Chemist: 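Quick one: structure below, then a few questions.
Everything numeric here is computed off the predicted structure, so don't read it as measured data. Residue numbers begin at 1 in each chain, while the letters A, B, ... track the order of the sequences.
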Number of protein chains: 2
Amino acid sequence: MKISELSERSGVSVASIKYYVREGLLPAGVTTAANQANYDDHHIHRLRLIRALVHVGNLSIASVKAVLDTVDSGTTSLHDAFGAVMHSLDEPAPEEMEPDLAQVLAEVRAWIRKRKWAVSPDAPAIHLLAEAMLILRQFDFGLDLADLDEIADVSEQSAEFEVGFAREKVDRTAAVETMLIGTVVYGRALVEIRRLALEAVSARLDTPGRARPKGKQ
Amino acid sequence: MKISELSERSGVSVASIKYYVREGLLPAGVTTAANQANYDDHHIHRLRLIRALVHVGNLSIASVKAVLDTVDSGTTSLHDAFGAVMHSLDEPAPEEMEPDLAQVLAEVRAWIRKRKWAVSPDAPAIHLLAEAMLILRQFDFGLDLADLDEIADVSEQSAEFEVGFAREKVDRTAAVETMLIGTVVYGRALVEIRRLALEAVSARLDTPGRARPKGKQ
DNA sequence: TATTTGTGGATAGTTCCACTATCCACTCTG
DNA sequence: CAGAGTGGATAGTGGAACTATCCACAAATA
């Protein structure tokens with residue numbers, strides 16, 4: 001398949017494809033002559049993945065490159081690959097930090113320990129969670145980490161299903177890729193469902209006794 | 001308080017504060033002379049909100065402006081204000097769309113109807129959810145909307161709590177603001193918890209029988 | 001065979017965004 | 001009264017994600 005066909009079938013402009021190749025996100029086609037190369041379904045698949053990460057996951061090109069490098073490198077254990085992918089999704093946290101944040105960070109770490117969650121100590125998610133918690137406190141959300149246990153239980157259950165689903169895949173690359181788009185795209189779907197729920201509940205509480213008498217269903 | 005003090009106390013540079021004022025995100029101080037103005041705690045609060053939306057919520061300055069304009073405008077019902085805020089968080093969807101997406105979009109709308117969720121038909125979340133679902137299908141996640149009902153139930157419950165919490169606030173601005181940072185910042189916290197759960201579960205499944213005696217494989 | 005169209009690779013340009021820096025006439029502080 | 005700080009205006013910066021142009025050449029079409 002020529003580059004123009006790849007462009008048409010993937011919906012990505014030729015210029016952008018060339019750009020992705022340049023940046024190392026997409027492997028070059030197999031060159032058959034000085035100015036001729038062949039692309040295949042592999043490239044379409046990869047382009048789909050790139051677009052999903054960039055446009056649904058809001059990842060930067062640099063992050064996508066980091067993530068894809070991790071996917072492609074045959075890291076020893078499947079879990080190491082998952083972990084590496086997770087960590088590539090966000091920039092590592094800066095060294096210096098306010099004392100307030102340091103305090104919340106310590107609480108988050110303790111909470112994770114208490115839950116017996118074996119996560120890498122430098123997972124970006126830890127810092128990002130601490131930052132979010134700090135802001136919530138500044139805005140008087142009386143919310144401590146114990147309140148999150150219920151949510152964590154639910155997350156854990158669904159994660160169990162999700163990780164299991166990914167591990168069923170035949171080869172390691174497919175498994176890691178599944179985990180990746182699960183994290184990013186399925187995660188996005190969950191966020192949007194939450195927003196819809198918020199709007200729906202807000203509507204219901206504003207017009208009481210209309211759509212639903214009380215309770216459920 | 002002078003602008004330099006506002007800068008120090010908020011951790012935002014003087015230049016950035018001026019920029020936010022210019023862009024209409026932050027009200028100007030009360031001018032006491034040609035080149036003198038007073039700022040107060042209100043400004044600190046607003047700056048905190050702006051930083052949270054920009055750096056935790058990844059909103060653009062333009063989106064933040066739209067959201068804050070909505071917060072400040074005394075829209076009639078509380079729910080209308082919530083809705084407007086929700087819709088300001090994302091750009092409206094483009095007109096044209098692929099047939100595949102249109103199909104999924106219709107399914108999503110039907111699902112929302114079936115759940116009796118009263119959401120505005122042009123809520124950006126609907127489109128974003130449809131886009132995410134489409135990509136999940138392209139990557140062979142055998143996932144139809146019925147599978148999401150359980151998650152939607154959980155979301156609904158937690159939304160009930162959250163909306164209730166916001167509506168308890170004394171004045172309308174505080175209520176809308178609470179809803180806003182709940183959506184953005186608390187939402188972010190949930191995402192990070194999910195990521196931690198994924199990593200933890202992946203670790204557990206890779207070292208069976210170590211942390212927990214559940215013993216698969 | 002001749003001509004148009006498309007190609008891969010390189011390089012330069014564009015647009016947008018979130019700031020940042022500079023300037024100025026002025027005023028508050030020491 | 002000197003020097004630092006101020007509000008307001010305007011211009012500049014650096015990064016990101018493309019986009020456009022150029023070239024010698026190959027492929028498809030006439």
Side-chain angles (χ1 to χ4, degrees), chain A residues 1-40 42-43 46-68 88-91 94, chain B residues 1-40 43 46-68 88-91 94 184:
Chain A
M1 171 189 338
K2 297 177 291 182
I3 201 171
S4 56
E5 195 184 339
L6 178 63
S7 166
E8 249 175 76
R9 289 226 272 153
S10 65
V12 179
S13 76
V14 172
S16 292
I17 293 173
K18 287 183 174 184
Y19 169 62
Y20 294 149
V21 171
R22 247 181 357 254
E23 296 295 317
L25 308 195
L26 184 71
V30 180
T31 55
T32 60
N35 63 338
Q36 229 62 28
N38 276 331
Y39 301 86
D40 57 19
H42 221 85
H43 290 93
R46 184 43 78 93
L47 274 176
R48 256 211 269 273
L49 187 54
I50 293 169
R51 297 302 263 208
L53 295 178
V54 170
H55 290 116
V56 178
N58 293 319
L59 297 195
S60 69
I61 297 295
S63 297
V64 173
K65 178 167 168 44
V67 167
L68 293 180
S88 312
L89 286 174
D90 293 294
E91 271 88 74
Chain B
M1 161 186 352
K2 296 176 290 180
I3 201 172
S4 56
E5 195 183 342
L6 178 62
S7 166
E8 250 176 74
R9 289 225 272 153
S10 65
V12 180
S13 76
V14 172
S16 291
I17 293 173
K18 287 182 174 184
Y19 170 61
Y20 293 149
V21 172
R22 252 186 346 261
E23 295 295 317
L25 308 195
L26 185 70
V30 180
T31 54
T32 60
N35 63 338
Q36 230 60 31
N38 276 330
Y39 300 86
D40 58 19
H43 290 92
R46 184 44 77 92
L47 274 175
R48 257 210 267 273
L49 187 54
I50 293 169
R51 296 303 261 211
L53 295 177
V54 170
H55 291 115
V56 177
N58 294 319
L59 297 196
S60 69
I61 296 296
S63 296
V64 173
K65 177 166 169 47
V67 167
L68 293 180
S88 311
L89 287 174
D90 293 294
E91 271 88 75
V184 173

Chemist: Report the nucleotide, chosen from C/dA25, D/dA26, D/dG8, that has the shortest atom-to-atom distance to any side-chain atom of A/Q36.
Modeler: D/dA26
Chemist: Testing the 3.5 Å rule here: is there a donor-acceptor pair between the side chains of B/S4 and B/S7?
Modeler: no
Chemist: What is the separation between atom CD1 on A/I17 and atom P on C/dT7, rounded to the nearest whole Å?
Modeler: 10 Å
Chemist: Would you name the heavy atoms of B/G57 and B/V184 that are closest together and state the gap between them?
Modeler: CA-CG1, 3.4 Å
Chemist: Starting at NE2 of A/H43 and ending at C1' of C/dT7, how long is that distance when rounded to a whole Å?
Modeler: 15 Å
Chemist: Considering every strand and a 4.0 Å limit on heavy-atom distances, what is the contact class for B/A15: base, sugar-phosphate, or nothing?
Modeler: base
Chemist: With the side chain of A/Y19 defined as its heavy atoms from C-beta on, choose the nearest nucleotide among D/dA24, D/dC18, D/dG8.
Modeler: D/dC18
Chemist: Of the nucleotides C/dC19, D/dC25, C/dT27, which one has an atom closest to the side chain of A/N35?
Modeler: D/dC25
Chemist: Quick one: is D/dA17 close enough that its OP1 or OP2 comes under 4.0 Å of any side-chain N or O from A/S16?
Modeler: no
Chemist: Ignoring backbone atoms, establish whether A/Y20 has a side-chain N or O less than 4.0 Å from OP1 or OP2 of D/dC18.
Modeler: yes
Chemist: Which residue lies toward the 5' end of DNA chain C, A/V14 or B/V54, if each is placed at its nearest nucleotide?
Modeler: A/V14
Chemist: Rounding to a whole Å, what distance do you find between B/L26:CG and C/dC19:P?
Modeler: 13 Å
Chemist: Name the residue closer to the 5' end of DNA chain D, choosing between A/L59 and B/E5 according to the nucleotide with the nearest heavy atom.
Modeler: B/E5
Chemist: Where the side chain of B/S63 meets the backbone of B/L59, is there a donor-acceptor pair that is under 3.5 Å apart?
Modeler: no
Chemist: Between C/dC19, D/dC18, D/dC25, spot the one nearest the side chain of B/H55, thanks.
Modeler: C/dC19
Chemist: Rounded to whole Å, how long is the line connecting atom NZ of A/K18 with atom C1' of D/dT19?
Modeler: 11 Å
Chemist: Calculate the interatomic distance between A/N58 atom CG and D/dA16 atom C1'; express it in whole Å.
Modeler: 14 Å
Chemist: Please answer whether the main-chain N or O of B/H43 pairs with a side-chain N or O of B/R48 as donor and acceptor at a distance below 3.5 Å.
Modeler: no
Chemist: Between C/dT11, C/dA21, D/dG7, which one does the side chain of B/R22 approach most closely?
Modeler: C/dA21
Chemist: If you check the B/S4 side chain, which of C/dA12, D/dG5, D/dA17 turns out closest?
Modeler: D/dG5
Chemist: Could you tell me whether the phosphate oxygens of C/dG8, OP1 or OP2, come under 4.0 Å of any side-chain nitrogen or oxygen in A/T31?
Modeler: no
Chemist: By nearest atom, which of the nucleotides C/dC19, C/dG9, D/dG7 is closest to the B/R51 side chain?
Modeler: C/dC19
Chemist: How many Å lie between NZ on A/K2 and P on D/dA28, as a whole number?
Modeler: 6 Å
Chemist: To the side chain of B/A33, which of C/dT27, D/dT19, C/dG6 is closest?
Modeler: C/dT27
Chemist: Return yes if some donor-acceptor pair links the side-chain N/O of A/R51 with the main-chain N/O of A/V12 below 3.5 Å, else return no.
Modeler: no
Chemist: Can you check whether A/E23 reaches A/Y20 side chain to side chain, under 4.5 Å on heavy atoms?
Modeler: no
Chemist: Rounded to the nearest angstrom, tell me the gap between atom CD in A/E91 and atom C1' in D/dA16.
Modeler: 12 Å
Chemist: Could you state the atom-to-atom distance from CG of A/L25 to C1' of D/dA17 in whole Å?
Modeler: 11 Å
Chemist: Given C/dG8, C/dC19, C/dA12, identify the nucleotide with an atom nearest to the side chain of B/I61.
Modeler: C/dC19
